Amino acid sequence: MPYSSSEFKTIYLRCFPPCMRMAMSLLHSEDEARDTVQESFLKLWETDMDVTNPDAFLIRSVRNACINRINSVQIREKIRRQLPLAPESEETDIEGRDEEVREAVARLLTGRERQVVDKIYSEGLSYKDAAESLDVSVATINKNIVAALKKLRTHFKRKS
């Protein structure tokens, strides 16, 4: 670790407020913003690299993490719109649709595809973070997501 505790505390006290302001302006959620900023500080603390400008590192890290979170939410929403499970009606309950999706995921997808779908859509990880978590490449994550979504789209199109 390139920083002592006192150096890191100084960086934290100096950089936390502007990082939080930026994260709040992008995410519009204090909890999401705080989590994102804390993750960025953790990256700085755990890095083995010599970061010459920790302020710039943190700002860029927070910005990128916010963009990844926004993209993750947008992708999940897009998929929900692309996989109509039943005609929208007042009788359609969300829990029933969620259960139908869970059953399809469990029945149709391979083990790796289920892992990847879980990391991306349930845990909300970026492709990069999911790849690191599963110790595979980002290309493998993408390949598995594409295959999983194709299977699910085909399944739900047949049902409608």
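All residue numbers refer to positions in the sequence shown, counting from 1. Everything numeric in this text was worked out from a predicted model, so none of it was measured.
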Salt-bridged, Arg69 to Glu39, with N to O below 4.0 Å?
yes
Out of curiosity, Lys128 NZ to Ser137 OG, how far, rounded to the nearest 0.5 Å?
13.5 Å
With the side chain counted from C-beta on, respond yes when Phe57 and Thr52 share a heavy-atom pair under 4.5 Å apart, and no when they do not.
no
Derivation of the side-chain contact (heavy atoms from CB on, under 4.5 Å) call for Arg112 and Val136:
CA-CA 11 Å; Arg112 176 61 82 189; Val136 296; 3.9 Å; yes
Less than 4.0 Å between a side-chain N and a carboxylate O, is that true for Arg107 and Glu103?
no
What one should report as the nearest heavy-atom pair of Val62 and Ala23 is CG1-CB, 3.9 Å
For the CZ atom on Arg114, are there more than 12 heavy atoms of other groups (residues, nucleotides or ligands in this structure) within a distance under 6.0 Å?
yes
Of all heavy-atom pairs between Ala130 and Ile120, which one has the smallest distance, and what is that distance?
CB-CD1, 3.7 Å
Got a second to check how far Leu125's CG is from Ser133's OG, nearest 0.5 Å?
6.0 Å
In the structure I gave you, are the side-chain heavy atoms of Ile11 and Phe16 within less than 4.5 Å of one another anywhere?
no
Check for me, please, whether Leu42 and Leu44 land in the same ILVMFWY cluster - side-chain distances under 4.5 Å, paths through other members count.
no
Check: Glu32 main-chain N/O paired with Thr36 side-chain donor or acceptor under 3.5 Å:
yes
Under 4.5 Å between any side-chain heavy atoms of Val37 and Phe41, yes or no?
yes
Among all residues two or more places apart in sequence or in another chain, which pass the salt bridge (Lys or Arg N to Asp or Glu O under 4.0 Å) test with Arg21?
none
Does atom NZ of Lys143 have more than 12 heavy-atom neighbours, drawn from other residues, nucleotides or ligands, at distances under 6.0 Å?
no
Tightest non-hydrogen contact, residues Ser72 and Gly124, listed as OG-O, 3.6 Å
Look at the side chain of Glu113 and the backbone N and O of Thr110, then say whether any donor-acceptor pair between them is shorter than 3.5 Å.
yes
Any chance you could measure Lys43, atom NZ, to Gln38, atom CD, to the nearest 0.5 Å?
13.5 Å
SG of Cys15 to CD1 of Ile59, rounded to nearest 0.5 Å, is 7.0 Å
Please lay out, stage by stage, how Asn64 and Ser61 fare under the test side chain to side chain donor-acceptor pair (under 3.5 Å).
CA-CA 5 Å; Asn64 290 342; Ser61 179; over 6 Å; no
Please check: side-chain N/O of Ser122 versus main-chain N/O of Lys119, any donor-acceptor pairing under 3.5 Å?
no
If you draw a 6.0 Å radius around CZ in Arg60, do more than 12 non-hydrogen atoms from other residues or ligands fall strictly inside?
no
Stepwise side-chain contact (heavy atoms from CB on, under 4.5 Å) test for Tyr127 and Asn68:
CA-CA 9 Å; Tyr127 280 29; Asn68 287 342; over 6 Å; no
Can you check whether Val51 reaches Tyr3 side chain to side chain, under 4.5 Å on heavy atoms?
yes
With a 4.5 Å cut-off on side-chain heavy atoms, are Val116 and Tyr121 touching?
no
Given the rule that I, L, V, M, F, W and Y join up when any side-chain heavy atoms are under 4.5 Å apart, are Val146 and Leu149 in one cluster?
no
Quick check, are the ring centers of Phe8 and Trp45 under 6.0 angstrom apart?
yes
Step through the shown structure and confirm whether more than 12 heavy atoms of other residues, nucleotides or ligands are within 6.0 Å of CG on Asp135.
no
What pair of heavy atoms forms the shortest contact from Leu26 to Ile70, and how long is it?
O-CD1, 3.5 Å
To the nearest 0.5 Å, what is the distance between CZ on Arg34 and CE on Met24?
9.5 Å
Could you grab the distance from atom SG of Cys19 to atom CZ of Arg14, nearest 0.5 Å is fine?
10.5 Å
With no hydrogens and no angle check, is any side-chain donor or acceptor of Glu7 less than 3.5 Å from a backbone partner on Ser4?
yes
Indicate yes or no for a side-chain donor-acceptor contact from Asn144 to the backbone of Thr140 under 3.5 Å, with no hydrogens or angles considered.
yes
Cluster overlap Val138 with Ile145, hydrophobic side-chain contacts below 4.5 Å
yes
